[in-house]
K.L.:
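Below is a structure I'd like to ask you about.
First the proteins, then the strands, lettered A, B, ... as listed; each starts at 1.
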There are 2 protein chains.
Amino acid sequence: MKVTAPRSVVVLEGIVSTYKTTQAGRRQAMAYHVPGDVPDLQSLHLKVLDNSISAVGLCRVGFVQHDAIRHSMRAHPRLEAVFWRSTLIDAALVREWMLNVGRREAYARMAHLLCELITRLQVIGLSSDYTCLLPMTQPELADALGITPVHVNRTLRDLKAAGLITLRSRRLTVHDWEGPKAAAEFDPIYLHLGSDEAE
Amino acid sequence: MKVTAPRSVVVLEGIVSTYKTTQAGRRQAMAYHVPGDVPDLQSLHLKVLDNSISAVGLCRVGFVQHDAIRHSMRAHPRLEAVFWRSTLIDAALVREWMLNVGRREAYARMAHLLCELITRLQVIGLSSDYTCLLPMTQPELADALGITPVHVNRTLRDLKAAGLITLRSRRLTVHDWEGPKAAAEFDPIYLHLGSDEAE
DNA sequence: CGAATACTTGATTACCTTCAATACGCGTGG
DNA sequence: CCACGCGTATTGAAGGTAATCAAGTATTCG
């Protein structure tokens with residue numbers, strides 16, 4: 001029964017993923033975290049760790065002591081709602097992935113993941129013209145999509161063949177945004193990017 | 001773009017599920033909520049609704065105005081952490097379902113869902129001797145497991161044939177807890193039932 | 001009591017997995 | 001500079017789990 005250290009991770013560069021594994025060792029990614037995210041902010045209130053974190057490709061992370069977070073929340077009470085909201089958005093991303101894994105076939109699933117990444121990276125200035133760096137290997141994509149690495153390969157091949165994407169040496173471009181978006185049924189509402197705070 | 005009403009649901013009796021649907025109409029349940037749960041507490045901080053709620057069988061629910069929740073949090077500051085933690089546990093349940101749907105085959109998936117239900121209902125006194133009421137129909141189970149209703153039927157048949165469960169007229173019994181638990185790789189750690197609050 | 005929904009089972013199909021073998025890319029060292 | 005080695009990517013063939021199609025039975029509900 002692992003217990004979290006009294007600190008959380010902050011992603012500074014690169015992409016980090018949270019995941020869980022079955023006892024048989026099969027791995028399922030829960031979400032990707034981009035620079036600025038705190039993948040395990042939940043550990044502030046849940047002492048027992050129920051998922052793991054790993055780097056996807058090279059990345060740089062920082063650590064924040066929980067005490068420091070608590071202190072700043074006491075100093076600025078509105079911060080608590082901000083952090084809380086952040087964990088709620090994380091949960092919303094996981095739910096969308098769940099729909100993806102449970103009810104879309106591999107082709108749409110992959111398209112959806114790529115649309116999400118492009119959109120999120122664009123927001124933080126790491127993507128423009130529907131192009132970004134895709135640091136993850138095919139086995140890592142497989143863990144995010146709930147399929148096998150071999151099938152990831154075939155799915156990417158199909159997406160390329162359909163002209164929806166280009167992917168060469170870690171460089172992803174999504175062509176004709178509306179096409180992939182439709183294939184993926186991608187609707188960014190679940191990312192809660194707008195300033196749609198309640199009240 | 002749906003916007004939530006300024007209130008949340010409280011489950012009083014029965015089971016409620018949160019779910020999302022693809023544009024093609026395929027439905028994936030995110031979690032089940034038992035009496036005492038607040039399935040959409042997240043709407044306190046996320047104005048835009050990204051999932052839906054529906055009753056699973058007959059149930060009784062109440063509503064709480066967000067203003068009332070905010071008021072009580074101001075009156076009792078420790079409440080904020082309690083509610084926040086509650087949303088974090090909800091997220092943990094969704095993550096476990098994600099692992100279930102993405103990386104376990106139907107048989108283990110079903111066993112896992114049943115183990116979770118029995119465990120959670122036991123905690124609130126709605127199950128004893130590994131027996132409980134199972135209000136959901138097979139199509140509803142299918143939505144929770146990411147499979148088809150037909151396959152739910154076959155999977156239940158197999159579980160019965162293996163002697164792991166009995167299910168007749170909405171009454172579920174899990175025999176020999178260790179067997180199903182092993183088949184499902186069920187480890188209740190993710191339910192955060194202990195008083196494992198951080199700090 | 002009739003219609004609608006849920007359950008059950010068989011036959012066929014399809015998506016994805018598994019197994020296997022080969023090719024590619026890239027950093028290292030001869 | 002090129003050979004080597006390792007991780008990653010690619011492709012083929014065969015197999016399996018679950019989906020789809022279909023038809024009949026049982027239950028529930030109005």
Side-chain angles (χ1 to χ4, degrees), chain A residues 15 17 22 24-28 54-58 99-114 133-162 165-172 183-184, chain B residues 14-15 17 22 24-29 54-59 100-114 133-162 165-172 183-184:
Chain A
I15 291 180
S17 99
T22 64
R26 310 195 61 182
R27 176 181 294 204
Q28 176 64 53
S54 83
V56 175
L58 279 178
L99 177 64
N100 215 23
V101 169
R103 292 305 192 195
R104 282 196 263 259
E105 58 182 29
Y107 186 84
R109 228 183 276 185
M110 176 71 81
H112 193 281
L113 179 66
L114 300 180
L133 222 65
L134 198 77
M136 51 288 279
T137 63
Q138 290 184 2
E140 283 166 342
L141 284 172
D143 292 337
L145 299 173
I147 59 181
T148 59
V150 172
H151 202 57
V152 164
N153 189 280
R154 298 192 217 278
T155 306
L156 284 174
R157 168 168 55 65
D158 294 346
L159 281 166
K160 290 171 191 165
I165 65 167
T166 301
L167 178 56
R168 269 182 8 248
S169 59
R170 302 275 112 105
R171 185 143 212 83
L172 166 73
Chain B
I15 291 180
S17 100
T22 64
R26 309 194 61 182
R27 174 182 296 204
Q28 176 65 51
S54 83
V56 176
L58 278 180
C59 61
N100 214 24
V101 169
R103 291 306 191 194
R104 282 195 263 259
E105 58 183 28
Y107 186 84
R109 224 182 280 183
M110 177 72 80
H112 193 282
L113 179 66
L114 300 180
L133 222 68
L134 198 78
M136 54 286 279
T137 64
Q138 291 183 2
E140 283 165 341
L141 284 172
D143 292 336
L145 298 172
I147 59 181
T148 58
V150 172
H151 202 57
V152 164
N153 188 280
R154 298 193 218 276
T155 305
L156 284 174
R157 167 166 58 64
D158 294 346
L159 281 166
K160 289 172 192 166
I165 65 167
T166 302
L167 178 56
R168 271 183 5 248
S169 59
R170 299 277 114 102
R171 184 144 212 82
L172 166 73

K.L.:
Does the side chain of A:Ile165 come within less than 4.5 Å of A:Met110's, by heavy atoms?
P.N.:
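Sidechains of A:Ile165 and A:Met110: no contact.
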K.L.:
Sequence neighbours left out, what passes side chain to side chain donor-acceptor pair (under 3.5 Å) with B:Arg27? Give chain and number order.
P.N.:
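Residues passing side chain to side chain donor-acceptor pair (under 3.5 Å) with B:Arg27: none at all.
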K.L.:
Check side chain to side chain donor-acceptor pair (under 3.5 Å) between A:Thr166 and all other residues, then give those that pass, not counting sequence neighbours.
P.N.:
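Checked A:Thr166 against side chain to side chain donor-acceptor pair (under 3.5 Å); matches are A:His175.
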K.L.:
When you compare the protein's N or O atoms with those of nucleotides 20-27 of chain C, which come within less than 3.5 Å of each other, and at what distance?
P.N.:
none

K.L.:
With sequence neighbours excluded, tell me which residues meet side chain to side chain donor-acceptor pair (under 3.5 Å) with A:Thr137.
P.N.:
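A:Glu140.
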K.L.:
Measure across B:Ala29 and B:Ala144 and return the closest heavy-atom pair with its distance rounded to 0.1 Å.
P.N.:
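The answer is CB-CA, 3.7 Å.
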K.L.:
In whole angstroms, how far is the C1' atom of D:dA18 from the CZ atom of A:Arg103?
P.N.:
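For the pair A:Arg103 CZ and D:dA18 C1', the rounded distance is 11 Å.
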K.L.:
Just the atom pairs and distances: protein N or O near nucleotides 12-16 of chain C's N or O, under 3.5 Å.
P.N.:
| residue | atom | partner | partner atom | Å |
| --- | --- | --- | --- | --- |
| C:dC16 | OP1 | A:Ala106 | N | 2.8 |
| C:dC16 | OP2 | A:His151 | NE2 | 3.2 |
| C:dC16 | O5' | A:His151 | NE2 | 3.4 |

K.L.:
Sequence neighbours left out, what pairs pass side chain to side chain donor-acceptor pair (under 3.5 Å) with at least one residue falling in residues 152-162 of chain B?
P.N.:
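Sorted result for residues 152-162 of chain B: B:Gln138-B:Asn153.
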K.L.:
Nucleotides 4-9 of chain D: which of its N/O atoms have a protein N/O under 3.5 Å away?
P.N.:
| residue | atom | partner | partner atom | Å |
| --- | --- | --- | --- | --- |
| D:dA9 | OP1 | A:Arg170 | NH2 | 2.6 |
| D:dA9 | OP2 | A:Gln138 | N | 2.9 |

K.L.:
Through what angle, rounded to 10 degrees, does the axis of the helix from C:dC1-D:dG30 to C:dG30-D:dC1 turn between its ends, using five pairs per end?
P.N.:
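Result, rounded to 10 degrees: 50°.
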K.L.:
Among all residues two or more places apart in sequence or in another chain, which pass the side chain to side chain contact (heavy atoms under 4.5 Å, CB included) test with B:Ala162?
P.N.:
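Once residues adjacent in sequence are excluded, the partners of B:Ala162 under the side chain to side chain contact (heavy atoms under 4.5 Å, CB included) criterion are B:Tyr107, B:Leu164.
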K.L.:
Pair B:Leu134, B:Arg171 - check side-chain contact (heavy atoms from CB on, under 4.5 Å), show working.
P.N.:
CA-CA 6 Å; B:Leu134 198 78; B:Arg171 184 144 212 82; over 6 Å; no
K.L.:
Rounding to a whole Å, what distance do you find between B:Asp158:CG and C:dC7:P?
P.N.:
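The distance from CG of B:Asp158 to P of C:dC7 comes to 17 Å, rounded to the nearest Å.
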K.L.:
What distance do B:Leu145 atom CG and B:Gln28 atom CD have between them, rounded to the nearest 0.5 Å?
P.N.:
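Answer for the CG-CD pair, B:Leu145 versus B:Gln28, is 8.0 Å.
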K.L.:
Once salt bridge (charged side-chain N to carboxylate O under 4.0 Å, His left out) is applied, do any residues pair with A:Arg104, and if so which ones, sequence neighbours excluded?
P.N.:
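Only A:Glu96, A:Glu185 meet the salt bridge (charged side-chain N to carboxylate O under 4.0 Å, His left out) criterion with A:Arg104.
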K.L.:
Rounded to whole angstrom units, what separation is found between the CG atom of A:Leu159 and the P atom of D:dT10?
P.N.:
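Value for this atom pair: 13 Å.
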K.L.:
Would you check, one step at a time, whether the test side-chain contact (heavy atoms from CB on, under 4.5 Å) holds for A:Asp143 with B:Arg103?
P.N.:
CA-CA 9 Å; A:Asp143 292 337; B:Arg103 291 306 191 194; 3.2 Å; yes
K.L.:
Using only heavy-atom distances, decide whether a donor-acceptor pair under 3.5 angstrom links the side-chain of A:Arg154 to the base of C:dT18.
P.N.:
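Per atom types, the contact qualifies.
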K.L.:
Could you list the residues that satisfy side chain to side chain contact (heavy atoms under 4.5 Å, CB included) with A:Thr148, not counting sequence neighbours?
P.N.:
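Partners of A:Thr148 under the side chain to side chain contact (heavy atoms under 4.5 Å, CB included) test: A:Val150, A:His151.
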K.L.:
Which residues satisfy the side chain to side chain contact (heavy atoms under 4.5 Å, CB included) test with A:Ala111, sequence neighbours excluded?
P.N.:
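A:Ala111 satisfies side chain to side chain contact (heavy atoms under 4.5 Å, CB included) with A:Leu159, A:Ala184 once adjacent residues are dropped.
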